[in-house]
A.B. asks: 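Provided herewith is a single structure, encoded as structure tokens, for subsequent inquiry.
Order of the sequence lines sets the chain letters (A, B, ...), proteins ahead of strands, with each chain counted from 1.
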Number of protein chains: 2
Amino acid sequence: MSLRPDTGAPSGAEADGERPVRPVPEATVSRLAVYLRVLGELREQGVETVSSEELAGASGVNSAKLRKDLSYLGSYGVRGVGYDVTSLQGRLQGELGMDHRQSVGLVGVGNLGQALAGYAGFAGRGFPVSALFDVEPDLVGIEINGIRVRHVREIPEVCAAHGVTIGMIATPGPAAQNVCDLLVEGGVQSILNFAPVLLQVPDDVEVRKVDLSVELQVLAFHVARRHIAGDVAIPADTPDGAAGATGETNGSVVSPR
Amino acid sequence: MSLRPDTGAPSGAEADGERPVRPVPEATVSRLAVYLRVLGELREQGVETVSSEELAGASGVNSAKLRKDLSYLGSYGVRGVGYDVTSLQGRLQGELGMDHRQSVGLVGVGNLGQALAGYAGFAGRGFPVSALFDVEPDLVGIEINGIRVRHVREIPEVCAAHGVTIGMIATPGPAAQNVCDLLVEGGVQSILNFAPVLLQVPDDVEVRKVDLSVELQVLAFHVARRHIAGDVAIPADTPDGAAGATGETNGSVVSPR
DNA sequence: TCGTGTGAACACGTTCACAGCC
DNA sequence: GGCTGTGAACGTGTTCACACGA
């Protein structure tokens with residue numbers, strides 16, 4: 001990997017001092033992850049150079065935002081040309097911590113947990129699940145993807161030993177806080193929480209929450225909004241020959257542009 | 001601009017045609033869903049009245065934000081007292097579209113899909129999964145939770161017939177766009193997408209994306225940042241040591257936030 | 001010429017602090 | 001006194017538009 005390919009960095013190389021933390025906005029970080037995936041796809045297709053317009057389009061953002069996002073990492077593009085796919089990919093990987101070894105510990109191998117444990121996208125993207133935990137006697141001891149499920153009480157020890165950097169909590173709500181405490185005890189400072197509860201953690205621990213029923217409710221809100229706003233105002237475009245709908249259901253089918 | 005949210009009539013405020021401005025900010029909507037869950041828990045505990053301070057604390061936000069959020073719905077609190085749990089719950093349910101019948105169609109009953117299909121939280125929160133789809137011959141025809149898995153090609157017909165309001169896509173990436181088109185054809189205007197691809201949809205269709213590897217990468221970013229900031233703080237002193245009774249709040253690493 | 005990089009304008013979201021009502 | 005509801009201040013994030021370099 002090539003870090004700091006050249007020059008003394010125009011706007012602030014961090015030597016090693018009291019240089020304040022990098023000013024990468026939180027909102028930008030999430031998008032960098034998206035760009036990184038798209039870059040991977042582009043490279044597989046053999047694309048060597050990409051413009052901000054193209055990369056932005058493929059990532060679902062506008063090009064100004066993309067350029068601004070990348071500008072926080074320094075100048076890695078070439079004016080009049082675009083970005084070199086490979087080197088930009090490397091730069092993003094570095095920024096997103098992919099040059100460290102990441103290792104995921106997953107707690108709760110029930111319904112959702114087993115799906116997460118088997119999700120190929122994690123290992124494929126550099127986040128191998130390396131430890132599994134549960135309390136259920138039927139589950140403790142079994143192997144999933146070659147990894148043995150251990151008892152929750154072993155979390156601190158195993159996480160420390162395996163160097164787990166990220167904990168994922170996929171337990172029922174009531175168990176989540178206890179599990180969280182054990183992860184923190186094991187030195188885990190980043191947690192992805194699927195349980196529908198608010199976790200209490202020390203200040204130096206980062207928690208992100210994925211709340212599926214919140215997502216659904218936001219969508220339901222928009223459903224309701226449309227019913228009020230749209231009502232009779234069904235979009236103009238020809239309904240076209242959609243499958244026979246039941247009468248009442250307003251099949252406001254709109255043909256894609 | 002103008003257009004006051006206006007504390008108009010509780011039901012059916014303005015019903016006139018064009019409504020260019022969104023009265024309730026997007027960021028607020030997500031939080032309303034959280035408040036709603038917490039209110040449900042409070043009611044189960046027999047709590048009848050709650051202050052903004054308490055409700056905010058239980059929801060993980062500060063009280064000013066909560067009051068501002070609720071103010072978009074009108075005045076439902078009592079000064080000097082707080083909010084009536086039951087009536088606020090009812091108000092939020094209405095605002096979030098829970099007085100309409102919601103019905104979820106889930107496409108892709110593989111690893112993740114089966115977990116989602118079996119997730120009790122959905123039905124329990126008013127989002128029953130009422131249709132399942134896949135292409136895999138081994139899966140089409142089986143029953144999950146009493147619902148038969150149908151072939152993807154039946155999506156338009158079945159969604160229209162069942163009045164599916166929300167589609168969930170849990171297929172592999174390459175299949176997602178096609179599935180999405182079928183959902184739209186069936187009249188579905190709200191989609192929750194778990195596939196790591198950018199969906200192309202008409203303007204009147206709302207898509208929310210849950211991207212687990214993005215979540216992990218954001219966490220990884222913070223891991224890396226801590227390593228830079230905290231420097232020597234992470235490396236566990238000889239793991240050899242006893243299962244150290246770590247204080248819960250180890251104040252060792254201080255991130256300069 | 002073309003596309004990046006970036007200050008400046010703008011829009012959105014959060015926090016403050018206090019008026020108003022119980 | 002206590003707590004809600006809300007304008008105004010503030011901060012964060014997004015978009016614009018153009019100078020600059022290949």
A.B. asks: Would you mind reading off the distance between A/Leu88 atom CG and C/dT4 atom C1', rounded to a whole angstrom?
C.D. replies: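 Roughly 13 Å, once rounded to whole Å.
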
A.B. asks: Nearest to the side chain of B/Lys68 - C/dG3, D/dT6, D/dA22?
C.D. replies: D/dT6

A.B. asks: With a 3.5 Å distance limit and no angle check, can you tell me whether A/Thr165 reaches the backbone of A/Ser103 through a side-chain donor-acceptor pair?
C.D. replies: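 Side chain of A/Thr165 to backbone of A/Ser103: a pair is present.
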
A.B. asks: Between C/dT6 atom P and A/Asp69 atom CG, what is the distance in whole Å?
C.D. replies: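 Value for this atom pair: 13 Å.
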
A.B. asks: Expressed as a whole number of angstroms, how long is the span from B/Glu26:CD to C/dT14:P?
C.D. replies: 12 Å

A.B. asks: Whether the B/Asp211 and B/Ser213 side chains hold a donor-acceptor pair (N or O, under 3.5 Å, no angle test) is what I'd like checked.
C.D. replies: yes

A.B. asks: Do B/Glu95 and A/Arg225 sit within salt-bridge range, that is, some charged N less than 4.0 Å from a carboxylate O?
C.D. replies: yes

A.B. asks: Is the phosphate of D/dT4 approached by B/Ser52 (side-chain N or O, under 4.0 Å from OP1 or OP2)?
C.D. replies: yes

A.B. asks: Grab the CG-P distance between A/Leu73 and C/dG5 for me, whole Å please.
C.D. replies: 10 Å

A.B. asks: Please tell me which of the listed nucleotides, C/dG5, D/dT15, D/dA22, lies nearest to the side chain of A/Val78?
C.D. replies: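 Out of C/dG5, D/dT15, D/dA22, the nucleotide with an atom closest to A/Val78's side chain is D/dA22.
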
A.B. asks: With DNA chain D as reference, determine whether B/Arg79 or A/Ala64 sits nearer its 5' end, using the nearest nucleotide of each.
C.D. replies: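 With B/Arg79 and A/Ala64 compared, the 5'-side residue is B/Arg79.
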
A.B. asks: For C/dT15 and B/Asn62 - does any side-chain N or O of the residue sit under 4.0 Å from the phosphate oxygens OP1/OP2?
C.D. replies: yes

A.B. asks: With a cut-off of 6.0 Å (strictly less than), are more than 12 heavy atoms of other residues, nucleotides or ligands near CD of B/Glu53?
C.D. replies: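 12 or below, so no.
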
A.B. asks: When the distance from NZ of A/Lys65 to P of D/dT15 is rounded to whole Å, what number comes out?
C.D. replies: 4 Å

A.B. asks: From C/dT4, D/dG13, D/dG5, pick the nucleotide closest to the side chain of A/Ser51?
C.D. replies: C/dT4

A.B. asks: In this structure, how many angstroms lie between the P atom of C/dG5 and the CG atom of A/Leu70, rounded?
C.D. replies: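 After rounding, the reported distance stands at 7 Å.
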
A.B. asks: Look at atom CD of A/Gln200 and say whether more than 12 heavy atoms of other residues, nucleotides or ligands are closer to it than 6.0 Å.
C.D. replies: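 Count not over threshold, so no.
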
A.B. asks: Does a nitrogen or oxygen in the side chain of A/Tyr83 sit under 4.0 Å from OP1 or OP2 of D/dA22?
C.D. replies: no

A.B. asks: Taking only side-chain N and O atoms of A/Arg31, does any of them lie within less than 4.0 angstrom of OP1 or OP2 on D/dT14?
C.D. replies: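 Looking at the OP1 and OP2 atoms of D/dT14, one of them is under 4.0 Å from a side-chain N or O of A/Arg31.
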
A.B. asks: Nearest whole angstrom, please: distance from the C1' of C/dC22 to the CG of B/Asp84.
C.D. replies: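 Atom CG in B/Asp84 sits about 15 Å away from atom C1' in C/dC22.
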
A.B. asks: With nearest nucleotide decided by heavy atoms, which residue, A/Val81 or A/Arg67, maps closer to the 5′ end of DNA chain D?
C.D. replies: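 Here A/Arg67 is the residue nearer the 5' end.
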
A.B. asks: Would you kindly give the CG-to-C1' distance between B/Leu66 and D/dC3, to the nearest whole Å?
C.D. replies: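 Interatomic distance, CG of B/Leu66 to C1' of D/dC3: 12 Å.
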
